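Accompanying notes for the structure given below.
Values reported hereafter were calculated over all heavy atoms of this structure, with side chains retained and with hydrogens, waters and symmetry mates removed. Since the model is a prediction, treat every value here as computed from it, not as a measurement.
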Amino acid sequence: MARSWFLLLPFGLIVLLGSVAQAAVVEHTFNVGNLSISLCNKTARIITAVNGQLPGPTIEAREGDTVVVHLINTSPYNMTIHWHGIFQRGTPWADGPDMVTQCPVQPGANYTYRFNVIGQEGTLWWHAHISFLRATVYGALILRPRGGAKAYPFPKPHGEKTVILAE
């Protein structure tokens, strides 16, 4: 019996290393700062946004990947990012609620979020977790299955569009 386990050990290691080799590190830099924006031909307003865009960048990862986001806070406000719907298994400090799981990133400071996307798929979103800033600091978080399009339980669609509703 012990000999059969000994023979299965190399096979198990190969399977484990093969699954780890498929995982990737998805890295982004979020420069949070002021942005002048004019909507509906009205006078320009100053808002806080990520990388000079509204909504902010979309993060795309696969199940099993590690997501790394470097937050550079050049805004005049404290900042945290909440990864809405992400199970922060083993990384509760990366969850984002200010003064609950992390201290706010102060103006002029940086912080790096790092978490693994394990056992999750779907379209989620990320947003600021500081007061009114969630109205302009947000974006999509798309988690695809590790097996690619073949892993979906439905036929491959003709196309995909991400829709984010905001206030």
ring-ring contact (aromatic ring centres under 6.0 Å, His included) against His70, all qualifying residues, sequence neighbours excluded: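 His70: no ring-ring contact (aromatic ring centres under 6.0 Å, His included) contacts found.
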
Answer yes or no: is there a donor N or O on one side and an acceptor on the other, between the side chain of [X] and the main chain of [Y], under 3.5 Å?
X	Y	answer
Asp65	Ala24	yes
Glu27	Thr66	no
Asn73	Gly33	no

Parallel, tilted or perpendicular, as decided by the 30° and 60° cut-offs, for the rings of His84 and Trp125: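 Judged by the thresholds at 30° and 60°, the geometry between Trp125 and His84 is tilted.
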
Aromatic ring pairing Trp83/Phe115, orientation class (parallel under 30°, perpendicular over 60°, tilted between): tilted

Pair Tyr111 and Phe30, ring centroids less than 6.0 Å apart: no

Steps toward side chain to side chain contact (heavy atoms under 4.5 Å, CB included) verdict (Leu143, Ile86): CA-CA 10 Å; Leu143 306 176; Ile86 292 291; 3.6 Å; yes

Close side-chain approach of Pro55 and Trp126, heavy atoms under 4.5 Å: no

Side chain proximity check, Pro107 to Thr74, heavy atoms < 4.5 angstrom: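 Counting from C-beta outward, Pro107 and Thr74 never come under 4.5 Å.
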
Looking at [atom1] of [X] and [atom2] of [Y], how far apart are the two atoms once the value is rounded to the nearest 0.5 Å?
X	Y	atom1	atom2	answer
Asn31	Ile72	CG	CD1	4.5 Å
Ile59	Ile142	CD1	CD1	10.0 Å
Thr48	Leu35	OG1	CG	9.0 Å
Leu71	His28	CG	NE2	13.5 Å
Thr80	His127	OG1	NE2	9.0 Å
Leu141	Thr123	CG	OG1	8.5 Å

Results of salt bridge (charged side-chain N to carboxylate O under 4.0 Å, His left out) for Arg144 - residues two or more places apart only: Glu60, Glu160

Trace of the side chain to side chain contact (heavy atoms under 4.5 Å, CB included) decision for Ile118 with Glu63: CA-CA 6 Å; Ile118 300 172; Glu63 192 276 329; 4.2 Å; yes

Heavy atoms of other groups near Arg89 CZ, more than 12 under 6.0 Å: yes

Gln106 atom CD, neighbour heavy-atom count above 12 within 6.0 Å: no

Hydrophobic cluster partners of Val68 (side-chain heavy atoms under 4.5 Å):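 Val25, listed by chain and number.
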
Nearest heavy-atom neighbours spanning [X] and [Y]:
X	Y	value
Ala140	Thr162	CB-CG2, 3.7 Å
Gly64	Arg146	CA-NH2, 3.2 Å
Pro145	Glu121	CB-OE2, 3.2 Å
Val67	Ala61	CG2-CB, 4.1 Å

Candidate list Ile81, Leu133, Val50, Leu54, test side-chain contact (heavy atoms from CB on, under 4.5 Å), partner Tyr138, passing option: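 Exactly one candidate clears the test, Leu54.
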
Any donor-acceptor N or O pair under 3.5 Å, side chains Gln102, Tyr113: yes

Verify same cluster id: Phe87, Val117 (apolar side-chain graph, 4.5 Å): no

